[in-house]
Amino acid sequence: MANQQRSVRRVLSLDGGGMRGIIPALVVAHLERKMGAPASELFDLIVGTSTGGILALGLSLQDQQGGSFLAAKRMVAMYERHGAKIFERSLWRKLRTAGGLFEEVYSHKALEKVLHKYFANKRMGDCGTPVMVTSYDIERRKTVFFKSWHPDHSELLCAEASRATSAAPTYFEPVNLQWAEQTATLIDGGVFINSPAVSAYAEACKLFPDDPIAMLSLGTGELTRPIPYDAAMTWGSALWIMSLLDCMLDGASKAADHQMRLFLGDHYLRVQTQLHFASDDMDDASRGNIRNLKQTARELIEREEDSLHRFLALGALSEIKDAAT
């Protein structure tokens with residue numbers, strides 16, 4: 001009797017990066033178009049941090065007919081139409097915050113309005129595909145992983161989980177969130193895990209212990225601006241804050257990439273690109289930069305199209321073998 005081939009479980013991991021989330025959103029939109037299926041059907045688990053967490057929640061939701069509630073192309077439109085509102089600073093706010101020294105640079109109200117507009121009253125338990133997003137509890141000093149299949153998290157509004165995972169320090173104020181019988185003050189999960197690939201792999205192993213795992217990890221563009229020694233040696237704490245956050249996020253993503261290559265080998269695909277002409281600022285929502293980010297994504301998709309096709313074929317080939325046996 002022939003041995004039964006186990007189905008490959010596909011996992012999608014989405015990095016943080018603010019407005020640069022338009023890059024992975026366009027990659028997923030390409031996959032949905034090519035495969036004729038929503039991301040919620042293409043992947044068995046979707047995990048994201050910060051802007052990647054917002055994407056993860058949107059992509060995992062299904063409508064009443066089992067179709068996509070927020071297709072990737074609609075998530076792209078979210079960045080295009082509302083990015084400038086989310087990252088808007090009035091002259092009064094610039095003066096009041098002294099450019100972000102005394103208070104968060106941006107008001108959280110615009111972000112919350114957009115999140116509630118797109119997610120409406122959907123809860124994490126409504127997600128058709130298991131989804132996990134990251135956050136950090138600054139009161140208890142502990143990591144938080146919101147999981148759609150966890151009974152304590154299933155009643156959380158997707159808009160609330162999105163707000164928690166994207167509350168980037170210095171950009172937006174923390175969010176106070178309550179679930180089950182717990183209350184926490186939360187900030188962006190990117191402070192400890194900007195690329196959630198390793199945590200996504202750990203969860204996949206627990207969810208699908210008897211099946212092989214394949215992971216697609218989507219980046220939001222690598223930082224390219226150098227920090228010269230002559231400049232950095234004269235910086236005080238105020239000037240270091242923003243650059244230090246960038247370095248932390250970039251370094252964490254590269255470390256996770258190295259680890260996943262060791263864990264999964266050719267069952268792991270990292271799709272990332274350098275930002276040669278698009279800005280690496282997380283809050284640059286200018287029309288020119290959105291145009292540059294979209295062009296960067298198109299070039300990335302063209303370069304990685306064969307690799308993406310081979311990745312998606314991993315699961316398809318296993319399913320064909322299952323049917324044959």
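Side chains included, hydrogens not; waters and symmetry mates left out as well; all remaining heavy atoms used.
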Q.
Please evaluate residues Glu112 and Lys109 with respect to the criterion salt bridge (charged side-chain N to carboxylate O under 4.0 Å, His left out), reporting the C-alpha separation (whole Å), side-chain torsions for both, the decisive distance (0.1 Å), and the verdict.
A. CA-CA 5 Å; Glu112 290 179 355; Lys109 294 180 181 178; over 6 Å; no
Q. What heavy-atom pair brings Pro196 and Asp15 nearest, and what distance separates the two atoms?
A. CD-OD1, 4.1 Å
Q) Cation over ring, Lys122 on Phe69, under 6.0 Å and within 45°? A) yes
(Q) Please determine whether salt bridge (charged side-chain N to carboxylate O under 4.0 Å, His left out) holds for the pair Glu305 and Lys34, giving the CA-CA distance in whole Å, both sets of side-chain angles, and the decisive distance to 0.1 Å. (A) CA-CA 10 Å; Glu305 186 157 17; Lys34 292 286 287 187; 3.5 Å; yes
Q. Which pair of heavy atoms, one from Cys127 and one from Val131, lies closest together, and at what distance?
A. SG-CG1, 3.6 Å
Q. So, Glu80 and Lys294, do they make that salt bridge, N to O below 4.0 Å?
A. yes
Q: Could you check His82 against Tyr118 for ring-ring contact (aromatic ring centres under 6.0 Å, His included), going step by step and ending with a plain yes or no?
A: CA-CA 11 Å; His82 303 288; Tyr118 276 79; 5.5 Å; yes
(Q) If I take atom CG from residue Asp281 and atom CZ from residue Arg20, how far apart are they, to the nearest 0.5 angstrom? (A) 8.5 Å
**Q.** Intermediate values then yes/no, side chain to side chain contact (heavy atoms under 4.5 Å, CB included), Thr143 and Thr134
**A.** CA-CA 8 Å; Thr143 58; Thr134 67; over 6 Å; no
Q | No-hydrogen, no-angle side-chain donor-acceptor test under 3.5 Å, Asp188 and Ser50 | A | yes
Q. Hey, are the side chains of Phe119 and Ile54 touching, using non-hydrogen atoms and a 4.5 Å cut-off?
A. yes
Q. So Lys254 and Asp257, salt bridge (charged side-chain N to carboxylate O under 4.0 Å, His left out) or not? Walk me through it.
A. CA-CA 5 Å; Lys254 289 176 178 175; Asp257 178 44; over 6 Å; no
Q: Return yes if a side-chain donor-acceptor contact under 3.5 Å exists between Ser13 and Tyr201, otherwise no.
A: no
Q.
With a 4.0 Å cut-off on N to O distance, would you call Arg163 and Glu160 a salt bridge?
A. no
Q | Heavy-atom pair of closest approach, residues Arg261 and Arg270 | A | NH2-CB, 3.7 Å
Q: From the options Leu312, Val28, Leu314, Leu31, select the one residue that forms a side chain to side chain contact (heavy atoms under 4.5 Å, CB included) with Leu216.
A: Leu31
Q: Answer yes or no: are there more than 12 heavy-atom neighbours, outside Glu302 itself, under 6.0 Å from its atom CD?
A: no
Q. Do Tyr171 and Asp283 have a side chain donor and acceptor closer than 3.5 Å?
A. no
Q: Quick one: sort the Phe146 and His153 rings into parallel, tilted or perpendicular, breaks at 30° and 60°.
A: perpendicular
Q) When rounded to the nearest 0.5 angstrom, what distance separates CG in Leu59 from CG in Leu12? A) 7.0 Å
(Q) Assess, by modelled atom type and distance only, whether the side chains of Asn289 and Ser279 contain a donor and an acceptor separated by less than 3.5 Å. (A) no
Q. With distance as the sole criterion, is a donor-acceptor pair present between the side chains of Glu299 and Gln295 under 3.5 Å?
A. yes
Q. Would the Phe172 and Phe87 ring centres measure less than 6.0 Å apart?
A. yes
(Q) Please determine whether a side-chain nitrogen of the Lys or Arg among Asp211 and Arg9 lies less than 4.0 Å from a carboxylate oxygen of the Asp or Glu. (A) yes
